[in-house]
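See structure below.
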Amino acid sequence: MTDFTMSKDAEGIATIVWDCAGKSMNVMNFDAMMLLDSMIDDVLADAAVKGVIITSGKKDFAGGMDLNVLADLKNASGKEPAQGLFDGIMSMHHALRKIERAGMDAKTNKGGKPIAAVLPGTAMGIGLELPMATHRVFAADNPKAKIGFPEILVGLFPGAGGTTRLVRKLGAMGASPYLLEGKSVAPAKAKSAGLIDEVSADPMADAMAWVLSASDADLVKPWDAKGYKMPGGAPYHPSGFMTFIGASAMVNGKTQGAFPAAKAMLSAIYEGAQVPFDTALKIEARWFTNILMNPSSAAMIRSLFLNKQALEKGAVRPTGIADQSVKKVGVLGAGMMGAGIALVSAQAGMDVVLIDQKQEAADKGKAYSAAYMDKGIKRGKATPEKKEALLDRITATTDYDALKDADLIIEAVFEDPAIKATVTKAVEAVIPEDCIFASNTSTLPITELAKASVRPDQFIGIHFFSPVERMMLVEIIKGKETGDRAVAKALDYVRQIRKTPIVVNDARFFYANRCIIPYINEGMRMVAEGLAPALIDNAARMLGFPVGPLQLVDETSIDLGAKIARATKAAMGNAYPDGAVDEVVFWMEDQGRIGRKAKAGFFKYDDSGKRLGYWEGLGDKFERLEDQPELTEVQHRLMFAQVLEAVRALEEGVLMDIREGDVGAILGWGFAPWSGGPLSWLDILGTPYAAERCDELQAAYGDRFACPPLLREMAEKGQSFYGRFDAKSEAA
Ligand code: NAD
C-alpha cells in the first residue's frame with residue numbers, strides 16, 4: 001500500500017504525499033485512509049515534527065472516494081451491512097477529526113501541531129473533505145481546477161464530515177449551492193466562498209511558511225472554540241429558522257421529494273446543527289449509512305457514475321479498430337440540429353463544414369455558434385479570442401466540394417427519406433472513400449436510409465437530442481449492414497465532444513424515442529379518460545421527471561406528435577394501438593392548441609410564452625372523473641409504459657447492454673434518476689412484483705401493459721436484470 005508516503009525534513013515539517021499508483025487521479029479507499037491515520041499518529045507522537053503538509057504527487061489533489069469501495073464495504077459486512085457501513089464511516093470521521101484536533105488539549109485547545117493541505121489542482125468529494133479537516137488549505141492558482149462536492153449528483157452527499165464542516169463554516173445558506181446542487185468552482189471562487197483559505201502561485205512554499213509560524217489559536221476550528229455560533233443561525237435562531245424552513249421548501253420544491261439523498265442530507269444538517277460537533281458527525285454518519293443502504297443510491301451510483309463512465313471510456317467499442325478520432329466533420333443541414341452539431345464539434349477542436357441549400361441558411365446556422373459564444377463571454381465563461389478561434393473552425397457554405405477531405409459526415413436535413421437519399425448520393429460523390437456517413441434522423445430506419453449509400457457498411461445513425469449543446473446523450477444506431485469501423489468512428493466522435501454514447505440496433509424509434517412516446521401517450525390517454533391534467537403531470541414530476549408528459553407535449557408541439565402518429569399509423573395499419581391517444585392529439589391540433597410555440601396547448605400562456613395553468617377547455621371536451629385515481633396508480637401507469645418498452649427493446653436485441661438502457665434513459669429523457677434507470681427500477685421493485693403489476697395494469701388498462709415474456713421468465717426464476725445480464729456491476 002503506497003497511496004500515501006511521508007518524509008520529514010530538517011526544519012521539522014512532515015510532508016505526506018498522496019499518489020495512487022497506476023491512476024491518473026487520486027481516489028480514496030478505506031485502507032488508504034487508515035494508512036494516513038497511522039502517519040498522523042506517527043507525526044503527532046514525533047517530537048521532532050513541528051507541523052505537517054498533506055499534498056498530492058499528481059497534477060490534481062483527488063477526485064473523491066472510490067465508489068466501488070462503498071459497495072464492497074457493505075458486502076463485506078455480511079448480515080449487518082448497515083453496522084459495517086456505519087463503523088467504516090465512523091473510522092473515517094475519527095481519522096479526520098484526529099487531523100483537525102492535531103493533538104490539542106481538549107480543554108485549552110493548546111499544544112496541537114499545524115497541519116496544512118496543499119492542492120495542486122482539482123479537489124472533489126473526500127478530496128475536499130480531507131483538506132477541510134486540516135487547519136489551512138492552500139490551492140495553486142489553477143483556473144482549470146475544480147473544487148467542490150459533487151456527491152449529490154450521483155445520489156449521495158458528503159459523508160466524511162464535509163456536510164457538517166461546510167455548514168458550520170459557511171452556514172446553511174452559504175453551503176447550500178455546494179451541498180445541494182453539487183456546484184464545483186475554480187480555486188479563486190472557492191476561496192471567496194470560504195471553501196478553502198489561500199490561492200497562490202507557490203502554495204507549497206506558502207504552506208510551509210504558515211506551518212512554521214502558526215500559533216495555537218490558528219489551529220482551532222471555530223466550532224471547537226468557545227462561544228461558536230453557526231453563521232446565519234442554527235434552526236431555532238430567528239434568522240436560522242427562516243433559512244432552514246426555506247431550505248426544506250426549496251429542496252422539496254426542486255426534487256419533489258423524489259431524491260432520498262437530498263432529504264437525508266437536509267436531515268443531517270438540521271439535526272446536526274442542534275448538537276455539539278462530534279455528535280453532529282455521528283448523525284451525519286447515520287444518515288449517510290441510511291443513504292448507502294437505500295437501493296436508490298446504489299442504482300444511481302451504478303448508472304450515473306460507474307456505468308456512465310464505462311460507456312464514455314468505450315465499454316461497447318468494437319475491439320481491434322484503430323483510433324478513429326475525427327478531424328474534419330461535414331454537417332449537412334444548418335437548421336436547429338445541424339447548427340448545434342456544428343457548435344459542439346467546433347468546441348471539441350474539429351474543423352467543421354456546415355452546409356445548407358442557401359448561403360444565408362448556412363450562415364444562420366453558424367451564427368448560432370456566435371450567439372452561443374457571446375452568451376458565454378457575457379457570463380465570463382468565454383473570451384472574444386476563443387469565440388474567434390471557434391468560428392474560424394466552422395466553414396458555412398453551399399458547396400459540397402468543401403467536404404472532399406472530411407472524415408465524418410453528419411446529415412441533419414429535413415426528415416424526408418427522399419431528400420436524405422438525394423443528399424447521401426451527392427455527398428458520397430465527393431467525400432473520401434473511407435469517410436463515415438451518419439444520419440441524425442429521429443424516426444427513419446437507418447437500414448432503409450443506407451439503401452441510398454454505395455457503402456452501407458460505412459453508414460450509421462448518430463442521433464442527438466435537442467438542444468444539442470445541453471443534452472448529454474448521443475444514441476448511435478447500427479443499421480443491418482453497418483460495420484464495426486463506423487461504430488468505432490461514431491463512438492470516438494462522441495468521446496471527442498464529451499458526451500455519453502449508447503449503441504443500439506435499428507428499429508422503429510430506436511431506443512429513447514421508443515420509450516418516451518408511450519410515456520407521452522399514457523399521459524394523453526389519461527386526459528381522454530378524464531384525469532385531471534395536474535394529477536398527470538405532477539405524478540411524473542414527483543417521480544423525478546423534469547417535466548410531466550402534457551408539459552412535454554406542449555414543449556415539443558402537438559403537430560410533431562400528430563405527424564408521428566400519422567406516419568406510424570400508415571406504417572402499422574390495423575395493428576396501430578394508439579387510437580385513444582389520437583383522439584386527444586388530433587382534437588388539440590384541430591383547436592390550434594399545438595403547444596408553447598402557438599402559446600396555446602394543454603397549458604395557457606401569456607404573450608411572453610410563460611405558462612399560466614392548464615387550459616380549462618380540456619375539461620369541457622373530456623369530462624373530468626369525479627373520483628380521480630390514486631397517485632401511485634397514475635405513477636405506475638407512467639413508469640410501466642416506459643420500462644416495458646425498455647424490456648421489449650432488450651428482448652428484441654435493440655438494446656444490447658442493460659447499462660446502455662439505464663444510462664440512456666436518464667440522460668436521454670430524464671427518466672427518474674433516483675431509480676438508476678428503467679431496468680434498475682424493475683430490479684428495485686423485484687421482477688416477481690413487477691410481473692404481478694403488469695397483470696393488474698393489463699387487466700385494468702389494456703394489452704400495452706402485458707408482461708413481456710422475458711420479464712415473466714425472470715419473475716418465475718426470481719432473477720434481477722443486473723444479476724442476469726450484468727452480474728459484474730450489480731448494484732450493492
Ligand atoms: P430543421 O428544419 O431545423 O433543419 C433542417 C435544415 O436542413 C434546414 O436548414 C434546411 O434548409 C436544410 N436542408 C434541407 N434540405 C437540404 C439539402 N438538400 N441540402 C442541405 N440542406 C438541406 O430540422 P431539425 O430539427 O434540425 O432536424 C434535422 C434532422 O434532425 C431531422 O432528420 C430530424 O428528424 C432530426 N432530429 C431532430 C430533432 C429535434 O428535436 N428537432 C432531434 C433529433 C433529431
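Atoms within a ligand are numbered from 1 in the order they appear, just like the ligands themselves.
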Under 3.5 Å, side chain of Lys420 to main-chain N/O of Val413, donor-acceptor pair present? yes

Arg317 with Asp492: basic N within carboxylate O range, under 4.0 Å: yes

Between Gln496 and Val326 (side chain of the first, backbone of the second, donor and acceptor by atom type, cut-off under 3.5 Å), is there such a pair? yes

Trp681 and Phe721: CA distance, side-chain angles, deciding distance, ring-ring contact (aromatic ring centres under 6.0 Å, His included) verdict: CA-CA 10 Å; Trp681 185 65; Phe721 282 90; over 10 Å; no

With no hydrogens and no angle check, is any side-chain donor or acceptor of Asp537 less than 3.5 Å from a backbone partner on Leu550? yes

Check whether Gln324 reaches the backbone of Ala322 with its side chain - one donor and one acceptor, N or O, closer than 3.5 Å. yes

Report all protein residues having a heavy-atom distance below 4.0 Å to some atom of ligand 1; order the list by chain, then number. Gly333, Ala334, Gly335, Met336, Met337, Asp356, Gln357, Tyr400, Ala412, Val413, Phe414, Glu415, Ile419, Lys420, Val423, Asn440, Thr441, Ser442, His463, Phe464, Ser466

